[in-house]
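Down below is the structure, laid out as structure tokens.
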Amino acid sequence: MPKDAITTRAADYNQWYLDIVREADLAEVAEVVRGCIVVKATGWAIWELMQRELDDRIKATGHANVQFPLLVPKSFIMKEADHVEGFAPEVAEVTRAGGEELTEPYVIRPTSETIIGYFYSRWIRSYRDLPLLYNQWCNVMRWELRTRPFLRTAEFWWQEGHTAHANEADAEAETLKILHEVYADFVEEVMAVPVIRGLKTEKEKFPGALRSYCIEAMMQDGRALQSGTSHNLGQNFAKAFDITYTDQNNTVQHCWTTSWGVSTRLIGALIMTHSDDEGLVLPPRLAPIQVVVVPIYKNDTERTTVMAAVETLTASWKGRLRFRVDDRDNLSPGYKFNEWEIKGVPLRVEVGPKDVAKGSVALARRDIPGREGKRFVPQAGLTAHLLELLAEMQTALFQRALAFRAERSAHVSTYDELRQQVERGFAWAYWDGTVEDEKRIQDETRATIRCIPLDQPSEVGRCVYTGRETSQMVVFSRAY
RNA sequence: CGGGGCGUGGCUCAGCCCGGUAGAGCACCGCGUUUGGGACGCGGGGGUCGUGGGUUCAAAUCCCUCCGCCCCGACCA
């Protein structure tokens, strides 16, 4: 394998990203299906680990999993005005089946608010049926014009939660609970990716929502990646689909609904937050293989001794560590070192004849690439040491990402400063402009308001664009 | 969807301008020597040159169609 298989970030950030996806064997562009990818074994293993962590949190907050159909009657999509406008351009339709034209075409779900709304209207009768708290794990399709593996593909995999509540306060509480207890908690604790929790502006909110909340992360090129959204849909979908209930006073009321989702895009966020020019870097909690063992030997005698030592060493790992012993006989150790580095395995243990003699192993950590991250440690107490190191790396990656974001963030008070700051990262600014102002800024700077952070300053300042006095602080950035 | 670039063994590409026997490196298979940071020798297998059409005695090469990919913009989880 050529040494220059991965373009450096400095040379071409986009190409670097594509190289990582390919070299780490996460996914492949499915050339025969426009805009789609094949998620390969390693990529899917990461997604499964993500799913498990998210699913635990979704259930811990009282939700149950269900599955709705892939196909949605086209008329359903048309029922909520803003929703139609938002999604119409990117839906794929099924117009023929069973060898005949369908009387009503189906769309392949771009999201399931409408079909779920239809069924909720049949299921909900009384306030006693509320709240209704369901989630589904599925694939969806949006016919995107420009696609990139994980970040934007025509088909992607996600979870979409859909809940119905008796009143606005309950729906709002649900929306925020998901944002904090499920999404932000998962992304920061498990992915080691720091996020800003915020509210979307009118311009950026979900089509059909009353309010959209989001978590925004900063990638290593300073651009923002929306990593999760949670929407308070108000009564918009309830009205479009007649989702009503009878309250304690025997009055018929429209429900308040929410929807929220995170997708395989998170894998893109993971790559672009932690990885380096050597390859993928995975936080230990999401690494399908946390420790790889590379045995080193020159002949069969050495092989036997070394493999016996490896067997003893790893005996207590089962169930405590996700590990693999790389006993492939046709590749040199050096090749394996590089391969596992490219694939982002957090820790590598090398066991050779000298180690067997000295009771040591060589231990390399991925967040410090090359020989620098390598040291010799005693075999005694190795398991505990590995577990400690994994925990330490998890924290170190988060801290490193946090420091990077801080370094690339700045408060700006003039439009000129804003223009300059969005070239390198997040620009925090007081804001009291209109949707039109926001569009104009996007035209001029290619940056948008990523969110209105939930933590707002107590002081007032002057709007970076209009100069009006305001207490509202927003974050501008270029985004994926 | 606009502008630009590109489709040739699995991968990266040469060949195309100027039509005439499909090539290289890496990867793969076999044997042997190797193995603590991307090993080496010898032998071997593998390509309807993206698709469809046209021109020609003859097309990877020239012309048209469609499909796909990459980059830059506009739109989006």
Side-chain angles (χ1 to χ4, degrees), chain A residues 1-7 12-15 17-19 22-23 28-36 85-91 110-111 140-160 183 200 203-207 212 214-216 224-231 259-269 278-279 294-300 302-303 306 328-342 348-356 358 360-362 364 369-374 376 439 442-443 446 448 479-480:
Chain A
M1 191 177 295
K3 183 77 175 124
D4 57 353
I6 298 172
T7 308
D12 185 343
Y13 193 80
N14 288 331
Q15 190 56 49
Y17 176 80
L18 294 168
D19 289 347
R22 172 173 39 81
E23 292 298 318
E28 187 170 318
V29 171
E31 294 185 7
V32 289
V33 189
R34 185 197 186 117
C36 291
E85 204 183 323
F87 282 105
E90 54 188 54
V91 295
T111 177
V140 291
M141 177 159 276
R142 298 178 188 176
W143 211 248
E144 298 291 349
L145 303 175
R146 192 171 163 195
T147 58
R148 314 213 300 143
F150 298 119
L151 296 175
R152 177 164 299 104
T153 47
E155 179 187 26
F156 58 92
W157 294 267
W158 75 347
Q159 57 69 217
E160 46 177 325
Y183 294 162
K200 282 295 183 192
K203 176 174 167 295
E204 298 284 325
K205 73 176 187 185
F206 178 77
S212 290
C214 64
I215 49 174
E216 295 282 332
L225 183 73
Q226 178 175 306
S227 307
T229 46
S230 184
H231 315 289
S259 71
W260 28 274
V262 293
S263 71
T264 38
R265 168 180 260 200
L266 288 175
I267 298 174
E278 312 302 319
V294 179
I296 295 154
Y297 46 81
K298 286 186 172 47
N299 50 51
D300 279 352
E302 283 186 1
R303 182 174 198 279
V306 166
R328 290 175 297 176
D329 213 9
N330 58 329
L331 299 170
S332 69
Y335 183 92
K336 292 176 183 175
F337 299 165
N338 286 290
E339 177 174 328
W340 294 116
E341 219 159 74
I342 287 171
R348 184 181 68 244
V349 171
E350 306 168 18
V351 185
K354 292 175 202 165
D355 295 306
V356 175
K358 291 189 298 187
S360 64
V361 297
R371 289 199 176 93
E372 292 72 35
K374 190 154 134 178
F376 289 89
K439 282 180 180 155
Q442 181 175 6
D443 287 343
R446 288 167 55 204
T448 49
Y480 277 95

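Scope of the values below: all heavy atoms of this structure, side chains included, with no hydrogens, waters or symmetry mates. By convention in this document, chain letters (A, B, ...) are assigned in the order of the sequence lines, proteins followed by strands, and residues within each chain are numbered from 1.
In this structure, A:F337 places its CZ atom 11 Å from C1' of B:G38, rounding to the nearest Å. Straight-line distance from the NZ atom of A:K358 to the C1' atom of B:G36: 10 Å, rounded to whole Å. Put simply, NZ on A:K298 is 14 Å from P on B:A39, counting in whole angstrom units. Taking atom CZ of A:R22 as the reference point, atom C1' of B:C11 lies 9 Å away to the nearest angstrom. The separation between A:L331 atom CG and B:G36 atom P is 12 Å, rounded to whole Å. If you measure from atom CD of A:E278 to atom P of B:G38, you get 13 Å, rounded to the nearest angstrom. Rounded to whole Å, atom P of B:U34 lies 13 Å from atom CG of A:D329. For the pair A:N299 CG and B:U33 P, the interatomic distance rounds to 12 Å; values are reported in whole Å.
B:G50 sits 13 Å from B:C11 when the P atoms are compared, rounded to a whole Å. Spacing of C1' atoms, B:G38 relative to B:G25, comes out at 16 Å, to the nearest Å. Rounded to the nearest Å, the gap between the C1' atom of B:C63 and that of B:C76 is 39 Å. B:G45 and B:G30: their P atoms are spaced 15 Å apart (whole Å). Going from the C1' atom of B:U12 to that of B:C70 covers 15 Å, rounded to whole Å. Atom P of B:G23 sits at a distance of 23 Å from the matching atom of B:C29, rounded to the whole Å. For the P atoms, the distance from B:G68 to B:G52 is 16 Å, rounded to whole Å. With both ends at atom P, the span from B:U65 to B:G3 equals 14 Å, rounded to whole Å.
With a 3.5 Å ceiling on both atom-pair distances, the Watson-Crick or G-U wobble partner of B:C1 is B:G73. With a cut-off of 3.5 Å on both pairing distances, B:A59 has no Watson-Crick or G-U wobble partner at all. Look at B:C18: it lacks any Watson-Crick or wobble partner with both distances under 3.5 angstrom. The partner of B:C42 is B:G30, by the rule that a Watson-Crick or G-U pair needs both atom distances under 3.5 Å. In this structure, B:G25 forms a base pair with B:C11, meeting either the Watson-Crick or the G-U wobble geometry with both donor-acceptor distances under 3.5 Å.
For A:S212, the side-chain contact (heavy atoms from CB on, under 4.5 Å) partners are A:K200, A:K205, A:F206, A:A209, A:H231, not counting sequence neighbours. In terms of the side-chain contact (heavy atoms from CB on, under 4.5 Å) criterion, residue partners of A:P353 (sequence neighbours excluded) are, by chain and number, A:E302, A:V306.
For the residue pair A:R265 and A:Q226, the shortest heavy atom distance occurs at NH1-O, 3.2 Å. Closest heavy-atom contact between A:T153 and A:R148: CG2-O, 3.6 Å. Between A:I215 and A:Y183, the shortest heavy-atom contact is CD1-CB, 3.8 Å.
The side-chain heavy atoms of A:E144 and A:F156, taken from C-beta on, include no pair separated by under 4.5 Å. A:V140 places none of its side-chain heavy atoms less than 4.5 Å from the side chain of A:P110.
For A:D355, taking side-chain heavy atoms from C-beta onward, the closest of the listed nucleotides B:G36, B:U35, B:A39 is B:G36.
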Discussion item. Set out, in order, the CA-CA distance, both residues' side-chain angles and the distance that settles side-chain contact (heavy atoms from CB on, under 4.5 Å) for A:E90 and A:M141, then state yes or no.
Written reply: CA-CA 8 Å; A:E90 54 188 54; A:M141 177 159 276; over 6 Å; no
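Between the base of B:G38 and the side chain of A:E339 there is no donor-acceptor pair shorter than 3.5 Å. Checked by distance alone, A:K336 brings no side-chain donor or acceptor within 3.5 Å of a matching partner on the base of B:G37.
Taking a 6.0 Å sphere around CG of A:D300, one finds it holds 12 or fewer heavy atoms contributed by other residues, nucleotides or ligands.
Within 4.0 Å of A:G261, counting heavy atoms only, lies no atom of the nucleic acid at all. Residue-level contact check: A:R348 touches the bases, meaning some heavy atom is under 4.0 Å from a base atom.
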Worksheet item: What string of B, S and - do you get for nucleotides 66-77 of chain B 5' to 3' if you count protein non-hydrogen atoms under 4.0 Å?
Response: --SSSSSBBSBB
